[in-house]
Amino acid sequence: MSDNAESPTETQKDDPSIQHAATEQTGASDEKKKIDVLLKAVGDAPIMKTKKWSVERGRTVQSLAQFISRFLKLEASEQLFIYVNQSFAPSPDQEVGVLFECFGSDGKLVLHYCKSQAWG
Amino acid sequence: MAAERNPVSCYLDERTFRLCCQLFLQHSETIKDGWSWEQIKGTDEGFMKKTLLIPVKSSVLHEQPESSVQDEDMVTDNIQANVEDETAGVQAVCEIHAVLRYEYHVLYSFSYQIPVLYFRASALDGQPLSLEEVWRNVHLNYRQRLQQGPWDTLTQQEHPLLGQPFFMLHPCRTEEFMKPALDLAQAENKRVNYIVTWLSVVGPVIRLDVPLSYSTESDISLHYAAK
């Protein structure tokens with residue numbers, strides 16, 4: 001599902017802690033340093049070509065939001081909103097590992113995202 | 001997206017506002033999150049209130065990177081350091097040059113039919129913060145976009161119930177972030193608490209975090225009826 005032709009090469013190089021989740025990994029999830037995140041677009045947010053990512057547990061929501069914004073090439077005036085558990089926005093300083101512990105299921109953390117309209 | 005369903009309204013009537021606040025406050029009480037309800041004497045109007053002490057460090061004086069700060073890309077001239085990292089239970093060592101006092105009020109706006117976040121900020125000696133100082137403390141995650149806005153998202157306003165000068169996060173874009181969340185919840189047939197969802201988005205902009213347990217608390221939500 002996550003295999004695709006185009007990779008966001010330059011953004012990925014800047015973020016070694018966020019990688020494509022190539023295959024399902026077995027093993028105790030609490031020993032893994034990375035967690036699987038599934039990104040789902042809401043509203044008229046652009047859909048990410050790659051939806052599944054392996055993210056280091058210590059990565060913050062803000063950092064992930066920046067990554068997604070760059071990936072989607074959002075303008076500076078567009079704000080990305082991220083939701084967990086459908087309708088709750090985690091604090092930008094929250095670690096994704098903690099979110100995974102609270103809301104992860106089937107070995108992954110589902111995050112919904114949408115963007116605000118650009119100004120003007 | 002289910003096109004046939006009526007879209008969920010982003011607006012909140014006052015009765016639902018109060019109910020959501022009541023449920024919110026119950027959970028706050030349980031986890032000692034510090035929120036209280038303030039009733040205006042002689043009226044049936046009120047608001048939710050919480051006060052926070054926020055340590056502020058100036059990186060102009062000390063440039064060494066904080067090992068406890070997760071985000072290396074975060075370049076700021078005003079680093080907010082958490083004295084206690086709740087998630088790891090680790091006491092982060094940092095230089096605190098000042099402590100600011102932020103007082104947050106959640107009010108109902110009859111004209112917008114949604115909640116609005118008012119706040120005032122001061123140093124510990126009571127000296128109020130200027131608008132520029134408040135801007136410096138807007139969370140980096142939101143600062144760029146807010147500053148680029150064509151109108152004033154962060155403004156000084158007279159508190160509608162207390163008549164004192166406060167800052168306010170302008171509610172005009174509430175629908176932008178509430179609609180997707182409410183639509184999602186409806187699609188999954190999940191219950192929400194409007195105040196929990198709304199505050200989880202706007203709070204962190206001005207350093208007010210909403211603990212995750214508000215989201216997982218089952219007795220806090222209502223079926224949000226489509227209008």
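Computation of the quantities below employed the complete heavy-atom set of this structure, encompassing side-chain atoms and omitting hydrogens, waters and symmetry-equivalent molecules. Please read all numbers here as calculations on a predicted model, not as lab measurements. Letters go in sequence order (proteins before strands), and every chain restarts at 1.
Between the side chain of B:Thr197 and the main chain of A:Ser87, a donor-acceptor pair closer than 3.5 Å is present. Formation of a donor-acceptor pair under 3.5 Å by the B:Tyr142 side chain with backbone atoms of A:Gln79 is not found in this model.
Partners of B:Ser109 by side chain to side chain donor-acceptor pair (under 3.5 Å), not counting sequence neighbours, listed by chain and number: B:Ser111.
The distance from the OG atom of B:Ser215 to the CD atom of A:Gln86 is 9.0 Å, given to the nearest 0.5 Å. For the atom pair CZ (A:Phe103) and CG (B:Leu212), the distance works out to 5.0 Å, reported to the nearest 0.5 Å. Interatomic distance, B:Leu140 CG to A:Gln66 CD, rounded to the nearest 0.5 Å: 8.0 Å.
Around atom CG of B:Leu53, more than 12 heavy atoms belonging to other residues, nucleotides or ligands sit under 6.0 Å away.
Contact of B:Val205 with chain A is not made at all, since no heavy-atom distance falls under 4.5 Å.
By number of non-hydrogen pairs under 4.5 angstrom with chain B, the leading residue of A:Leu80, A:Asn85, A:Val61, A:Leu99 is A:Asn85. Heavy-atom pairs under 4.5 Å with chain A were tallied for B:Pro211, B:Ser213, B:Ala181; the largest tally goes to B:Ala181. Heavy-atom pairs under 4.5 Å with chain B were tallied for A:Ser69, A:Pro90, A:Ser91; the largest tally goes to A:Ser91.
Residues A:Phe88 and B:Val210 come closest through the heavy atom pair CZ-O, 3.4 Å. Closest approach of A:Pro92 and B:Pro204 over heavy atoms only: CD-CB, 3.4 Å.
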